[in-house]
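Working notes, structure below.
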Amino acid sequence: QVSIPEPKVVVNQVLAQELPQSSSPDNTALVDAAGLDFAEKRVIDVYNHVSPSVVSVTTKVLQYGFFMDVVEQEGSGSGFVLDAEGHILTNYHVVQDAQPDKIEVTFGDDTTLSAKLIGVDPRNDMAVLQVDASTEVLQPVELGSSSALQVGQRAIAIGNPFGEFSRTLTTGVVSALNRTITGPEDLDITGIIQTDASINKGNSGGPLLDSAGRVIGINSAIYSPTGTSAGVGFAVPVDTIKRVVPDLIAYGHYRRPWLGLGPRSAYSISPRFAQVLNLSSSEGLLLVQVDGPLAQAGVKGAQQQVVYGNRLYYVGGDILLAIDGQKVSDFNVLATLLETHYKISDEVELSIMRGTKEQKIKLTLSQEPSP
């Protein structure tokens, strides 16, 4: 039989490696001379190490007033330093409507600098800024990994809630993994980290950290009936950051693999939809307008219009069933599959329903046209 130590003994053995033992007879209250236990010291160390890397992002936005007069509004969010070249990551929605020459970044020592917008990826709600600053001011974060995260592990957020309380730290846990939220382009962002670390308006763009101070995500959204923290926050995972940011810096946008479809270029098929339009498949995507690789491979879009009830439908096109055996049920599923599993110039095999016959078509993915 294997003898399992009492949990208290195991915890004490770990803590004893970091802190001197207390004089408590049962050896359960291990604290240092300042009364701080091991867990508290870890959080303090993370804050002291990472907070200089967290910045406040302020923007000027032109809006129309009640009498159609132009009114300048100020927006705010958070961001964090990526490298010694002055690249800073924030959320796209923080700078979405900003005047390009009126974006400012404020560091922990109150240094405020003008920032240039380098690249954006609305679909993943990311934007990269760049400032001209000294290496003494720029203290890059360490990027961790999100692939091995576990529900229950510590999560630490640093940001500027409400644009007023700079470099505020909140703690919690990873509440769930692989959530899906809707991004600024009304397309799904998948693989999202959910946390109960308090995140409020103004925290957007700040880092979510593990207990070692490594970035595991960028805080992007909250679920809240009141508009303030309800303990349900969402962060885009750092593995997505690692995939997207190099392209934003090099090209100004993310180079996505592309089949030749846009968000409104196909209908999602349900059994009811198939019955109404007399389709030969009760699942997949009914293609309306095709371009790029699909068009070059001879895949057909809509051939005619029909009216059912008070709606106009474009029908007669091929039905996309699957890519390399992976079923495609709607455009969000297709976009996520392409982005997370393929690269430009990859060859794929499509399962296509044309009329009543299923066909296999091979084609090479191209680069999605930039917005």
Side-chain angles (χ1 to χ4, degrees), residues 122-125 176-192 194 220-221 223 225 232 234 236 240 256-342 346-363 365-366 368-369 371:
R123 195 174 300 176
N124 285 305
D125 198 15
L177 296 167
N178 295 316
R179 295 296 197 202
T180 298
I181 63 174
T182 303
E185 286 195 336
D186 293 327
L187 292 175
D188 288 348
I189 309 177
T190 59
I192 293 294
Q194 181 183 327
S220 298
Y223 174 80
V232 183
F234 301 105
V236 177
T240 302
R256 283 186 168 79
W258 188 54
L259 271 178
L261 288 177
R264 286 169 288 278
S265 297
Y267 300 122
S268 297
I269 299 176
S270 65
R272 175 59 179 163
F273 186 83
Q275 182 182 25
V276 166
L277 296 181
N278 194 29
L279 302 178
S280 56
S281 174
S282 60
E283 58 184 5
L285 282 174
L286 176 60
L287 304 183
V288 174
Q289 183 176 6
V290 298
D291 201 348
L294 283 173
Q296 294 166 13
V299 177
K300 296 181 179 180
Q303 305 296 307
Q304 58 181 315
Q305 301 175 358
V306 298
V307 176
Y308 182 82
N310 60 353
R311 294 197 61 182
L312 175 67
Y313 293 97
Y314 298 89
V315 299
D318 293 334
I319 296 172
L320 176 59
L321 301 173
I323 300 178
D324 289 335
Q326 295 287 321
K327 289 186 177 181
V328 177
S329 57
D330 60 42
F331 184 80
N332 272 320
V333 171
L334 172 64
T336 299
L337 180 63
L338 290 175
E339 179 163 329
T340 57
H341 290 77
Y342 294 95
D346 281 352
E347 185 178 78
V348 298
E349 183 180 72
L350 306 182
S351 298
I352 296 286
M353 183 71 76
R354 177 170 295 173
T356 58
K357 295 182 179 180
E358 184 174 339
Q359 301 181 16
K360 303 292 185 182
I361 297 177
K362 290 186 177 181
L363 56 77
L365 300 174
S366 67
E368 181 180 85

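It should be emphasised that the depicted structure is a prediction, and the values quoted were computed from it without experimental measurement.
Between Phe331 and Pro263 there is a side-chain heavy-atom pair separated by less than 4.5 Å. Contact annotation: the side chain of Ser351 approaches that of Glu358 to within less than 4.5 Å [non-hydrogen atoms, C-beta and beyond]. Taking 4.5 Å as the limit, every side-chain heavy atom of Tyr267 sits out of range of all side-chain heavy atoms of Val315. Residues Asn332 and Thr190 have side chains not in contact (no heavy-atom distance under 4.5 Å, counting atoms from C-beta outward). Looking only at side-chain heavy atoms (C-beta outward), Ile319 and Ile352 stay at 4.5 Å or farther from each other.
When each of Asp291, Leu294, Val328 is checked for a side chain to side chain contact (heavy atoms under 4.5 Å, CB included) with Leu259, only Leu294 meets the rule.
For Asp125, the side-chain hydrogen bond (donor to acceptor under 3.5 Å, both in side chains) test picks out His93, with sequence neighbours left out. Scanning for side-chain hydrogen bond (donor to acceptor under 3.5 Å, both in side chains) contacts around Arg272 gives Gln275, with sequence neighbours left out.
Closest of all the heavy-atom pairs between Leu285 and Ile269 is C-CD1, 4.2 Å. In plain terms, the two heavy atoms of Asn124 and Glu339 that are nearest each other are ND2-OE2, 2.7 Å. Between Gly301 and Val290, the closest heavy-atom pair is N-CG2, 4.1 Å. Minimum heavy-atom separation, Leu337 to Gln326: CD2-CB, 3.9 Å. Counting all heavy atoms, side chain and backbone alike, Tyr342 lies closest to Pro257 at O-CG, 3.6 Å. Contact between Ser281 and Ala274 at its shortest, heavy atoms only, is O-CB, 3.3 Å.
Asn178 places no side-chain N or O within donor-acceptor distance of the main-chain N or O of Gly191, the cut-off being under 3.5 Å. Using modelled atom types, one side-chain atom of Ser280 and one backbone atom of Gly355 make a donor-acceptor pair closer than 3.5 Å.
Crowding of Lys360 atom NZ: a count of heavy atoms from other residues, nucleotides or ligands under 6.0 Å exceeding 12.
With rounding to the nearest 0.5 angstrom, the OG1 atom of Thr336 is 8.5 Å from the CZ atom of Arg123. Between the CG atom of Leu320 and the OG atom of Ser329 there is a distance of 10.5 Å, given to the nearest 0.5 Å. A distance of 9.0 Å separates CZ in Arg179 from CG in Leu177, rounded to the nearest 0.5 Å. Separation of atoms CD1 (Ile361) and CG (Leu350) is listed at 6.5 Å; rounding is to 0.5 Å.
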Stepwise side chain to side chain contact (heavy atoms under 4.5 Å, CB included) test for Ile192 and Thr180: CA-CA 6 Å; Ile192 293 294; Thr180 298; over 6 Å; no
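A side chain to side chain donor-acceptor pair (under 3.5 Å) check over residues 293-322, counting only residues at least two apart or in different chains, returns the pairs Asp318-Arg354.
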